[in-house]
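What you see below is based on every heavy atom in this structure, not just the backbone, and it leaves out hydrogens, waters and symmetry mates. Below, chain A is the first sequence line, B the second, and so on; all start at residue 1.
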2 protein chains.
Amino acid sequence: MSDLLERLRGRGWRMTAQRRVVAEVLDGDHVHLTADEVHARAVDKLPEISRATVYNTLGEMVSLGEVLEVSTDRRAKRYDPNAHRPHHHLICGRCGAIRDVHPAGNPLADLPAEERYGFTVSGVEVTYRGLCPSCAAAA
Amino acid sequence: MSDLLERLRGRGWRMTAQRRVVAEVLDGDHVHLTADEVHARAVDKLPEISRATVYNTLGEMVSLGEVLEVSTDRRAKRYDPNAHRPHHHLICGRCGAIRDVHPAGNPLADLPAEERYGFTVSGVEVTYRGLCPSCAAAA
DNA sequence: ATCCTACAATGGACAATGTCTAAGTCAAGC
DNA sequence: GCTTGACTTAGACATTGTCCATTGTAGGAT
């Protein structure tokens, strides 16, 4: 069953059919869905679920740290259920495909104090851009 | 005068009052503006300039590689005239302030071939997240 | 200096994404 | 099985960005 669902239950979440469906969609093999894609898949399982609920639920999962938001392009935010294994992203600039990657090195350590301008730095995102094999072949 | 304007002229751009104004706004000391902020400042100098023109002009500057698009959050894209010096960004998660930073290290070299999945990797963006001094003090 | 024409600007409709609200519904504890 | 407050709903609204038909104009040609 859904690890995500287990963790959410353990945090005192009221368990509703809608939330269960959203969690199940995210836990499927299709990762990095947009909010509307999540909604479309959720509707397949629970036709009366509303768009607002999907947005709310995704937002709550993000707040709880169970799901990551990925803003890769000018289009919609995407949701990444792989929140518990740190990773970065590799994105195809043509078709928008996303892969999780695990580069070497520690970018946080690469930012010296004099380049922090007094900020409290809490995280870093690394986004590689390029073309996936199929798009590169089509180009 | 405007370096940006000079470069654009040199590329055979037809020089119009609107484009001049947009270039001047970007070349000012206020960097990382959103498209609508650029429009607001442009209207101060040229009241009849339209929103579509600002969007078009910014898009053209990005295509020519003279300006960078920065998609930092769920809000609007921001435009960075500092396209000719490679750099990354440090962003306050509360107020949205952005600083240019120059970390050590080479993230592109940190992505081994077996983590590239056949992609042609052409670039990398590094985004540090945290709180700026004023927001940290207010927290 | 004036004219032509292709390129640019305009403004308003439209699209995509996300947020909010008021009212109804339901999970979970008693 | 009640009660209660959190959850869901539908749709209006907000923001950001794009498109298109029309009008205007920069810059070369005459």
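The CD1 atom of A/Ile49 sits 16 Å away from the P atom of D/dG11 (whole-angstrom rounding). Taking atom CG on A/Leu5 and atom C1' on C/dA27, their separation rounds to 15 Å, with Å as the unit. What separates CD of A/Glu69 from P of C/dT17 is a distance of 15 Å, to the nearest Å. Between A/Arg78 atom CZ and C/dA16 atom C1' there is a gap of 13 Å when expressed in whole angstrom units. Straight-line distance from the CG atom of B/Asp36 to the P atom of D/dA14: 15 Å, rounded to whole Å. In this structure, A/Arg9 atom CZ and C/dA27 atom P are separated by 13 Å, rounded to whole Å. For the pair B/Glu60 CD and C/dC7 P, the computed distance is 12 Å after rounding to whole Å.
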Exercise. In B/S/- notation, 5' to 3', how is nucleotides 21-30 of chain D contacted by protein heavy atoms closer than 4.0 Å?
Worked result: ----BBS---
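For the atom pair OG1 of B/Thr57 and CG of B/Leu26, the computed distance is 10.0 Å after rounding to the nearest 0.5 Å. One distance of note links CG of B/Asp27 with CG of B/Leu4; it measures 5.0 Å at 0.5 Å rounding.
OP1 or OP2 of C/dC26 has not a single side-chain nitrogen or oxygen of A/Gln18 nearer than 4.0 Å.
Under the side chain to side chain donor-acceptor pair (under 3.5 Å) criterion, B/Asn106 pairs with no residue, sequence neighbours left out. For A/Asp36, the side chain to side chain donor-acceptor pair (under 3.5 Å) criterion is met by no residue, not counting sequence neighbours. Taking A/Arg78 as the reference, A/Glu37 meet the salt bridge (charged side-chain N to carboxylate O under 4.0 Å, His left out) condition, with sequence neighbours excluded. Under the side chain to side chain donor-acceptor pair (under 3.5 Å) criterion, A/Ser50 pairs with A/Thr53, not counting sequence neighbours. Partners of B/Arg41 according to the salt bridge (charged side-chain N to carboxylate O under 4.0 Å, His left out) rule, which considers only residues two or more places apart in sequence or in another chain, do not exist here. A/Arg19 pairs by the salt bridge (charged side-chain N to carboxylate O under 4.0 Å, His left out) definition with A/Glu60, not counting sequence neighbours. Shown here are the salt bridge (charged side-chain N to carboxylate O under 4.0 Å, His left out) partners of B/Glu66, two or more places apart in sequence or in another chain: B/Arg7, B/Arg11.
Note on residues 77-97 of chain A: pairs passing ring pair (Phe, Tyr, Trp, His ring centres under 6.0 Å), not counting sequence neighbours, are A/His32-A/His89, A/His87-A/His89.
The base of D/dG17 is paired with the side chain of B/Arg51 by a donor and an acceptor separated by under 3.5 Å.
Grouped by direct or indirect side-chain proximity (heavy atoms under 4.5 Å, Ile/Leu/Val/Met/Phe/Trp/Tyr only), A/Leu90 sits with A/Val101, A/Leu108, A/Leu111, A/Tyr117, A/Phe119, A/Val121, A/Val124, A/Val126, A/Tyr128, B/Leu90, B/Val101, B/Leu108, B/Leu111, B/Tyr117, B/Phe119, B/Val121, B/Val124, B/Val126, B/Tyr128.
Note on B/Arg19: only backbone sugar-phosphate atoms sit closer than 4.0 angstrom, heavy atoms only; bases stay farther off.
Comparing C/dG18, C/dA9, D/dT18 by their nearest atom to the side chain of A/Lys77 picks out C/dG18.
For the helix from C/dA1-D/dT30 to C/dC30-D/dG1, the rotation axes defined at the first and last 5 base pairs enclose an angle of 30°, given to the nearest 10°.
Contacts with DNA chain C (heavy atom under 4.0 Å) in residues 52-59 of chain B: B/Ala52, B/Thr53, listed by number.
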